[in-house]
Amino acid sequence: MLRSVEIQNFGSCARTSFDLDAPLSALCGRNGVGKTTVLNAIALLCSKTITAYPIPTRSNFFLRRSVDIAGVSMTLGLELDGVHYDYEFSAPDFSDSARPVELTEFLTAGNGESRTSVFSRQGESVEALGRTDCIRIPKLTPGLAALISLLPRDDPASLHLERVRSFFAGVRYYTFEVDPPTESMISARAYEEWRDRHKAVGEPAPSLAMCLVYMQQEEPELFDELQSILGPEGIGVVEWIGVHDLGSIIANSEERWGDSKYFMPQVIPSRHMGGGANSFRLPELSVGTRRIIQIVTSMLFDRRSLMLMEQPEDSIHPGLLRKLIDLLRTYSGDTQMLFTTHSAAVLDILEPEEVLLATAVEGSTEVRRLTPDELVRAKDFLASEGTLSDFLEAQDEL
Amino acid sequence: MFAILAEDRSDAEALVILVKRILDREDLKIHKKGFSGCGELRRKAASHILDFARQGASRFIICHDSDGKDPGTVRKSVRDGIGGKLDLNSYRHAIIVPVQELEAWIIADAKAITSAIRSLVIADVRQPETISSPKEWLVAQSRTGGKSRPLYAPATFNKQVAAFLDVPKVQAKCPSFRELVEFVRAS
């Protein structure tokens with residue numbers, strides 16, 4: 001579980017630090033205070049430090065269109081299998097030619113005062129737990145990834161490194177699509193190619209449709225769970241969800257699409273909704289229905305260590321939100337959830353301990369949990385007919 | 001410390017600025033809560049008064065438009081609504097009822113409106129509280145001269161105009177504003 005975050009020099013996060021105490025946390029605050037920047041920073045650090053690809057610099061073409069990690073310093077505190085880890089990463093400002101291009105990384109493990117250095121890296125030189133000699137690694141390769149490649153599995157540092165890598169690999173940032181998906185059918189060939197890569201190297205599903213096909217084909221129990229969550233006994237947004245195998249239909253038609261087999265996910269919306277018990281393809285569903293299906297599918301299929309989500313409430317009816325947030329909370333034991341929200345309806349479902357307040361102070365993002373005094377007042381306020389969103393709004397800066 | 005409770009967020013924001021202007025204290029710390037209408041204010045204000053008091057607020061301004069009703073009746077209705085949940089008399093407070101709407105105070109100073117929005121010039125109104133719907137009137141005025149869209153959006157501009165209002169002028173034209181000034185200064 002992610003326990004603490006410190007971010008320096010990343011977008012609006014000049015010096016942003018906060019703790020997380022709940023498996024489900026909502027980051028709330030006005031537009032533009034830096035909520036998305038915080039999620040981006042966490043996702044970027046976790047994704048860039050677990051592969052052996054060089055840390056990108058400003059001269060890197062990819063990063064001209066992305067977020068620059070140059071000059072950034074971050075520390076993530078993790079609680080994994082009862083051990084507390086602090087992973088610190090600093091990248092120099094690559095544009096400053098006077099300074100050496102040296103990455104700095106530290107990983108410590110332990111509880112309370114008893115801390116052990118798993119590895120410390122300065123430039124190309126790495127000191128690892130249980131080793132007297134320094135290990136040399138390429139100057140822009142993340143030390144975490146490099147050591148996992150270099151050290152044997154029974155090395156004293158390997159268990160710690162693998163725990164942290166595994167958590168980082170399980171972090172994913174979900175913006176959720178706004179435009180309707182263009183893909184309503186998937187050719188068997190495209191599916192099989194992706195499926196093999198997914199099984200071999202964990203390549204994420206490129207679309208909701210692909211996720212659904214995979215779950216139905218490879219993990220029918222998981223697909224049953226999805227149906228049960230979305231169906232009449234669960235959230236109640238669909239009557240039925242399934243995947244049609246179109247192979248025979250296309251083979252018998254005059255139109256030949258080059259592949260003899262296609263999969264097409266289909267949904268019969270709840271009888272309380274429009275549609276008259278007809279089945280619909282994914283692009284034909286309302287934005288809100290599709291979003292709920294996407295959130296639940298991602299939650300089940302991805303099995304992430306940490307889901308970073310942008311406003312999961314968008315386009316969803318407040319009545320359904322309660323069920324959705326309850327569901328996310330239920331699953332947050334295995335998958336930690338951190339999401340942004342602007343919704344009073346969402347805040348009113350949450351516990352005060354689950355809220356993180358984001359503000360901009362002199363242009364810099366600040367994030368904090370409610371203070372002990374605020375928690376006591378919030379609970380008294382809730383007990384006297386108030387709502388959490390009302391309480392939080394009134395805690396605005398004076 | 002003051003706490004302001006108003007029918008909507010923009011009224012609360014404008015009142016914060018007005019209280020600071022009346023006392024000429026830009027650094028004043030003021031708690032505020034804007035509700036979503038008068039029903040919510042009557043229903044929920046008590047919880048906020050209790051919470052603001054715990055945070056050190058000692059003077060409470062509760063603002064509710066009269067919206068065409070008799071101000072005395074509105075004041076009693078607000079008092080009864082909040083008083084059912086706490087003893088309002090235990091808190092130093094004023095229930096301010098702008099006659100019709102808070103925008104009457106805005107209209108009282110045409111020069112302040114132009115200072116906040118340069119391209120908007122409205123006629124001087126001697127008795128703003130006689131206009132039946134000041135909000136609509138102000139928006140309609142800002143649309144004259146062949147403009148396709150109104151220049152004045154109350155939720156955006158009320159607090160901006162409040163920063164320029166000539167307090168003695170508004171006090172002279174709007175008796176309900178005078179009550180606010182007297183309560184704030186007496187505090």
Side-chain angles (χ1 to χ4, degrees), chain A residues 28-33 35 311 313-314 316-319 321-322 341-362 366 368-398, chain B residues 1-17 19-20 23 25-37 39-63 81-88 91 155-156 159:
Chain A
C28 66
R30 296 182 181 187
N31 287 111
V33 296
K35 301 184 296 296
Q311 292 165 228
E313 73 268 14
D314 282 359
I316 298 176
H317 184 273
L321 273 179
R322 175 167 289 281
T341 184
H342 286 293
S343 164
V346 169
L347 290 172
D348 292 344
I349 300 164
L350 298 174
E351 297 294 329
E353 292 86 353
E354 293 174 325
V355 171
L356 293 166
L357 298 175
T359 52
V361 179
E362 295 177 355
E366 289 196 359
R368 68 176 181 87
R369 288 160 54 196
L370 296 183
T371 63
D373 172 60
E374 285 170 330
L375 285 173
V376 171
R377 286 195 291 107
K379 286 178 177 174
D380 289 348
F381 187 84
L382 296 181
S384 63
E385 296 181 55
T387 59
L388 187 56
S389 58
D390 271 342
F391 177 82
L392 294 172
E393 189 192 330
Q395 308 308 306
D396 232 345
E397 70 277 22
L398 298 175
Chain B
M1 193 189 291
F2 283 94
I4 288 169
L5 301 101
E7 273 181 271
D8 66 49
R9 196 185 177 106
S10 69
D11 282 2
E13 288 173 341
L15 280 159
V16 166
I17 290 167
V19 170
K20 289 180 178 180
L23 293 175
R25 287 271 311 275
E26 187 51 42
D27 61 333
L28 208 60
K29 303 291 183 194
I30 301 177
H31 293 282
K32 67 174 187 298
K33 171 62 187 168
F35 295 92
S36 304
E40 194 182 45
L41 182 145
R42 281 194 288 256
R43 227 173 40 251
K44 296 183 176 175
S47 307
H48 287 279
I49 290 171
L50 286 168
D51 185 56
F52 287 151
R54 286 174 71 172
Q55 293 182 69
S58 54
R59 297 161 181 84
F60 298 85
I61 296 167
I62 303 155
C63 185
I82 300 172
K85 290 164 185 159
L86 58 73
D87 179 11
L88 203 48
Y91 301 87
T156 306
K159 66 175 179 180

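These numbers come from the heavy atoms of this one structure, side chains and all, not from hydrogens, waters or symmetry mates. Numbers restart at 1 for each chain; the letters A, B, ... are given by sequence-line order, proteins then strands.
- The minimum heavy-atom distance linking A:Gly386 with B:Ser47 is given by the pair N-OG, 4.1 Å.
- Side-chain rings of B:His48 and A:Phe391 stay apart, their centers remaining 6.0 Å or farther from each other.
- We find the CZ-CG distance between A:Arg377 and B:Leu50 to be 11.5 Å, quoted to the nearest 0.5 Å.
- A 6.0 Å sphere centred on NE2 of A:His342 holds more than 12 heavy atoms belonging to other residues, nucleotides or ligands.
- Contacts of B:Phe52 with chain A are made by side-chain atoms alone, with heavy-atom separations under 4.5 Å and no backbone atom involved.
- Closest approach of A:Ala394 to B:Lys33, counting heavy atoms only: CB-CD, 4.3 Å.
- The residues A:Asp373 and B:Arg54 are annotated as not salt-bridged, no charged nitrogen and carboxylate oxygen being separated by less than 4.0 angstrom.
- Heavy-atom distances place both the backbone and the side chain of A:Asp390 under 4.5 Å from chain B.
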